[in-house]
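Below is one structure, written out as structure tokens; the observations come after it.
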Number of protein chains: 2
Amino acid sequence: MDRNYYIDSLKKSNFKITPQRLTVIDYVRSHSPGHFTAEEIFNSIKSEEPTITLATVYNILKALQSSGTVKTFETSGSTWFETNTDFHGNFVCSNCGKIYDIGIDEEGILSNVEGSGYSVQEANLILKGICKECLLDRD
Amino acid sequence: MDRNYYIDSLKKSNFKITPQRLTVIDYVRSHSPGHFTAEEIFNSIKSEEPTITLATVYNILKALQSSGTVKTFETSGSTWFETNTDFHGNFVCSNCGKIYDIGIDEEGILSNVEGSGYSVQEANLILKGICKECLLDRD
DNA sequence: AATTTGTTTATAGTAACTATAAATTCAAAA
DNA sequence: TTTTGAATTTATAGTTACTATAAACAAATT
Ligand SMILES: [Mn+2]
Ligand SMILES: [Mn+2]
Ligand SMILES: [Zn+2]
Ligand SMILES: [Zn+2]
């Protein structure tokens, strides 16, 4: 995604543009699509942004989330952030820890739920198992 | 589910039967189907089991989980335990906090993922939104 | 340039677990 | 039925991931 997409989305939600926010945006953009913890981002950018704190990274991610450019899900005791805002499954490999995006038919799931009278704001499908690569290595 | 189903499942996995484990089993059985945190269970059973600690409740839930009678998922910063081990979605209402079980076609999702070469051990669909009841009250 | 309001920083605090080791108890075997 | 050994519970300390607070600072509107 274009850098301005993140900036404009922040502006549309009345968030200010700060150097710290731009640094986080540049980080997630250059690692996109990917899955990050706040701590991971914090550790990676503190050379470039030496006064930043972990609390600020959490705040920035919350701002990005509320402006719609970042999504989250929880698993293995922590919160993961990602720039892939399309509906998809997140497959966590029990062996190597990598997280993979899996295309899933949104309509099939949501029609089911909304048909039962619920109004869905957010949906997360989290899968655990062994990934392709690890299955091959296991011989 | 029958009380012996939990007991036999523990035995099959070489877990011992203790009064504390039976108390937790009785609790989840009598609130089934439901969604519990470890703390919730701990607070509810400590009148009956006055020396029990929260660590023990966590241990017991881990034993039940590994013997296959209890499943878990994470959302809103904590781990939820449930006795419904069939594949289903968990809908969390943003308004009242209640969690509802939603029937979902497992085959449709898993065929998609396993078709891509992954071996799935576990799948969790977590939905957030406004529940039926809260939608009606909102007028 | 001045003002306002949002943001960052530093730091303290909390919630949800997890680890450790001693005391206890379960259950299989003698 | 007692003994035995491993599993479990308990008490407690520790950790991780996150949240709150308030003062210092900076962005953006005028
Ligand atoms: Mn993803
Ligand atoms: Mn459920
Ligand atoms: Zn793997
Ligand atoms: Zn509700």
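Here is the naming used below: chain letters follow the sequence lines, and residue numbers restart at 1 for every chain. Here the structure is a predicted model, which is why all the values come from computation and not from measurement.
Put simply, OH on B:Y58 is 16 Å from P on D:dT10, counting in whole angstrom units. Rounded to an integer number of Å, the gap from CH2 of A:W80 to P of D:dC18 is 10 Å. Between the NZ atom of B:K11 and the P atom of C:dA28 there is a distance of 8 Å, rounded to whole Å. Following rounding to the nearest Å, A:E40 (CD) and D:dT16 (P) show an atom-to-atom distance of 16 Å. For B:F15 and D:dT9, the CZ to C1' distance is 15 Å, given to the nearest whole Å. Rounded to a whole Å, the CD atom of B:E74 is 12 Å from the C1' atom of D:dA17. Between the CD1 atom of A:I17 and the C1' atom of C:dT5 there is a distance of 15 Å, rounded to whole Å. Distance B:K46 NZ to D:dT10 P: 13 Å, rounded to the nearest Å.
Remark: A:R21 is in phosphate contact with C:dT8, judged by side-chain N or O atoms under 4.0 Å from OP1 or OP2. Distances shorter than 4.0 Å separate some side-chain N or O of B:Q20 from OP1 or OP2 on D:dT10. Put simply, A:T18 has a side-chain N or O that comes within less than 4.0 Å of OP1 or OP2 on C:dT8. Contact annotation: A:T79 does not reach the phosphate of D:dA17 (side-chain N/O to OP1 or OP2, under 4.0 Å). Proximity of A:T53 to the phosphate of C:dT8: no side-chain N or O atom is located under 4.0 Å from OP1 or OP2.
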Q | Pair B:T69-B:S9, side chain to side chain donor-acceptor pair (under 3.5 Å): steps then yes or no | A | CA-CA 7 Å; B:T69 56; B:S9 299; 5.5 Å; no
Q: Quick one: do B:K16 and B:K11 satisfy side chain to side chain contact (heavy atoms under 4.5 Å, CB included)? Show the steps, please.
A: CA-CA 6 Å; B:K16 291 180 175 170; B:K11 284 182 179 168; over 6 Å; no
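Residue-to-nucleotide contacts include a donor-acceptor pair under 3.5 Å from the side chain of A:K16 to the base of C:dT5.
Within the 4.0 angstrom heavy-atom criterion, only backbone atoms of the sugar-phosphate kind lie near B:P19; the bases stay farther away. Within 4.0 Å (heavy atoms only), A:T56 reaches at least one base atom of the nucleic acid.
Distance alone, capped at 3.5 Å, is enough to place a donor-acceptor pair between the B:E114 side chain and the B:V120 backbone. A donor-acceptor contact shorter than 3.5 Å links the side chain of A:S111 to the backbone of A:G108.
Here B:L61 contributes atom CG and B:I41 contributes atom CD1; the two are 4.5 Å apart, rounded to the nearest 0.5 Å.
Summary of the strand contacts: A:A55 and A:N59 both lie near DNA chain C, and taking for each the nucleotide with the nearest heavy atom, the more 5' one is attributed to A:N59.
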